[in-house]
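The basis for the numbers below is simple: all heavy atoms, side chains too, and nothing from hydrogens, waters or symmetry mates.
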Amino acid sequence: MAATDGRTGKRPDSVWLTERPPLKRKADQPAGLDLDKIVAATVRLLDAEGLSKFSMRRLAAELGVTAMSVYWYVDTKDDLLELALDRVMGEMRLPDEADTGRDWRDHLRSLAAEYRTLLTGHAWVARLLGTYINIGPHSIAFSNASMRVMKESGLSLQQITGGLSAVFQFVYGFATIEGLFNARCAEAGVSVDAYFQRVMTSVQGLPEFAETLENTTQVMEARGGATVREMRDRDFAFALDLQIAGIEAMRDRAGE
C-alpha cells in the first residue's frame with residue numbers, strides 16, 4: 001500500500017484503520033453507485049478473471065463508470081481488495097453460540113470446512129490472506145469463533161495458537177492446492193476428473209513413474225471414492241481428524 005495519505009500523512013496498514021471523510025455529492029458523481037456495489041463487482045471480477053488481471057480501470061469498465069468515480073469511495077486498489085476479502089469472509093457460516101450442547105470437535109470441523117470452501121471457491125483469497133492483516137468485521141468474527149472453539153478443546157492458553165495454526169494452516173495448504181488444481185482444469189476447459197485422468201494416462205508406461213503409479217493406484221483403491229472430489233473429501237476429513245487427535249493428545253499429556 002502507499003506509504004502516505006494526503007489527509008493524514010502516514011497511512012495505516014489497513015483500510016479498516018483509515019478514516020475517510022463523508023462523501024460529498026457532486027454532479028459528476030455517478031447516480032446509483034455506492035461502495036457495496038463496487039465491492040460486489042470486485043468480487044465478481046476476481047472470481048471470473050483472477051487477481052493478476054484485476055485493475056481499477058477494469059473494474060470501472062465493469063461498472064460502466066470512469067476509474068475516477070471509483071476513487072470517490074476508496075483511496076487505493078489495496079483498500080478495495082481488503083474490502084473484497086472481508087466481504088467473502090462473511091460467506092462462512094459460524095457456529096451457533098446459542099447451541100449449549102455443542103461439541104468443540106464438530107464445530108472445529110465445521111469451521112475448517114467453511115474455510116476450505118472459501119479458499120476453493122475464491123482462488124484469489126489465498127494470496128490476499130498473506131498480504132493484509134485481515135481485521136475486517138467478518139475476518140474478526142471468524143477469528144473469534146475459532147478462538148472460542150479452540151478454548152473449549154481444553155488446551156492451555158499457551159497451546160491455543162499452536163492448535164489453531166495446526167488446523168487452519170493445514171486447511172489453507174490443502175485448499176490452496178485444491179483451488180489451484182481446479183483453476184488449472186478450468187483453464188484447460190475440462191472437468192477436474194477428466195484432467196486427472198488425462199494426467200494419469202499420460203504417465204502410464206513411463207518407467208520413471210512406475211513406482212509412483214503403483215503406489216498411487218493402491219492408495220486410491222484403498223481410500224475409495226469415484227471422483228476427485230470424493231477422494232479429496234475423504235483425505236480432508238481424515239487429515240482433519242488427525243489434527244483433532246493431536247490436539248486431544250497434547251491436552252491429555254499436559255494433564256498427566
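When the side chains of ILVMFWY residues are joined at heavy-atom separations under 4.5 Å, either directly or via intervening members, I140 and I160 end up in a single hydrophobic cluster. Linking Ile, Leu, Val, Met, Phe, Trp and Tyr residues whenever their side-chain heavy atoms come within less than 4.5 Å leaves V219 and F209 in two separate clusters. A single hydrophobic cluster is not seen to contain both L242 and V171; linkage of ILVMFWY side chains at heavy-atom distances under 4.5 Å, directly or through other members, places them apart. Under the 4.5 Å side-chain heavy-atom criterion for grouping Ile, Leu, Val, Met, Phe, Trp and Tyr, L119 is not connected to L180 through any hydrophobic cluster. Placement of M56 and M68 within a single hydrophobic cluster is found when ILVMFWY residues are connected by side-chain heavy-atom separations under 4.5 Å, directly or transitively.
For the 3.5 Å distance criterion, the side chains of T66 and S69 qualify, holding a donor opposite an acceptor.
A cation-pi contact, defined as under 6.0 Å to the ring centre and within 45° of the axis, is absent between R184 and Y195.
In this structure, the side chains of Q243 and L108 stay at 4.5 Å or more apart for every pair of heavy atoms. The shortest side-chain heavy-atom distance between V70 and L59 falls under the 4.5 Å cut-off. L81 is listed as a side-chain neighbour of F54, based on a closest heavy-atom distance under 4.5 Å. Contact check for F174 versus D235: side-chain heavy atoms found under the 4.5 Å cut-off. Put simply, the side chain of I38 reaches to within 4.5 Å of the side chain of L63, judged on heavy atoms. Residues V203 and T212 form no side-chain contact, since every pair of their non-hydrogen atoms from C-beta on lies 4.5 Å or further apart. Looking at V15 and D86, their side chains never come closer than 4.5 Å, going by heavy atoms from C-beta outward. Side-chain contact between L17 and I135: present, with at least one pair of heavy atoms (C-beta onward) separated by less than 4.5 Å.
Put simply, CG on L83 and CG on D78 are 11.0 Å apart, with the number rounded to the nearest 0.5 Å. T227 OG1 to D233 CG: the interatomic distance, rounded to the nearest 0.5 Å, is 7.5 Å. For the atom pair CZ of R148 and OG of S143, the computed distance is 9.5 Å after rounding to the nearest 0.5 Å. If you take CH2 on W104 and CD1 on I244, they are separated by 5.5 Å, rounding to the nearest 0.5 Å. Atom CG of L80 is separated from atom OG1 of T42 by 3.5 Å, given to the nearest 0.5 angstrom.
Annotation: M200, atom CE; neighbour count of heavy atoms from other residues, nucleotides and ligands within 6.0 Å is above 12. With a 6.0 Å radius and a threshold of 12 heavy atoms from other residues, nucleotides or ligands, Q218 has its CD atom above the threshold.
None of Q197, R229, R232 except one satisfies the side-chain contact (heavy atoms from CB on, under 4.5 Å) rule with V192; the exception is R232.
Minimum interatomic distance between K53 and E49 (heavy atoms only, all atoms of both residues): CD-O, 3.6 Å. Taking both residues in full, the closest heavy atoms of V190 and A194 are given as CB-CB, 4.3 Å, listed atom of the first, atom of the second, then distance.
Using a 4.0 Å cut-off between charged side-chain N and carboxylate O, R105 and D241 make no salt bridge. Salt bridge annotation for R109-D106: present, with a cationic side-chain nitrogen under 4.0 angstrom from a carboxylate oxygen.
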side-chain contact (heavy atoms from CB on, under 4.5 Å) evaluation trace for K37 with D34: CA-CA 6 Å; K37 291 181 180 179; D34 57 34; 3.2 Å; yes
Tell me, with the steps shown, if L111 and V149 meet side-chain contact (heavy atoms from CB on, under 4.5 Å). CA-CA 9 Å; L111 285 169; V149 169; 3.9 Å; yes
For E82 and S14: C-alpha separation, side-chain torsions, deciding distance, then whether side-chain contact (heavy atoms from CB on, under 4.5 Å) applies. CA-CA 8 Å; E82 264 197 286; S14 172; 2.9 Å; yes
E152 and R102: CA distance, side-chain angles, deciding distance, side-chain contact (heavy atoms from CB on, under 4.5 Å) verdict: CA-CA 10 Å; E152 294 173 2; R102 65 181 183 175; 2.3 Å; yes
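E62 pairs by the salt bridge (Lys or Arg N to Asp or Glu O under 4.0 Å) definition with R58, not counting sequence neighbours. Contacts of H122 classified as side-chain contact (heavy atoms from CB on, under 4.5 Å), with partners at least two apart in sequence or in another chain: V43, D47, V88, E91, L118, W124, V125.
Within the 3.5 Å criterion, the main-chain N or O of G173 finds no donor-acceptor partner in the side chain of T176. In this structure a side-chain-to-backbone donor-acceptor pair under 3.5 Å is missing from Q169 to S165. A donor-acceptor distance shorter than 3.5 angstrom exists from the side chain of N134 to the backbone of L129, with no hydrogens or angles considered. Listed for the T216 side chain is no donor-acceptor partner under 3.5 Å among the backbone atoms of L213.
Between Y115 and F142, the distance separating the two ring centers is shorter than 6.0 angstrom.
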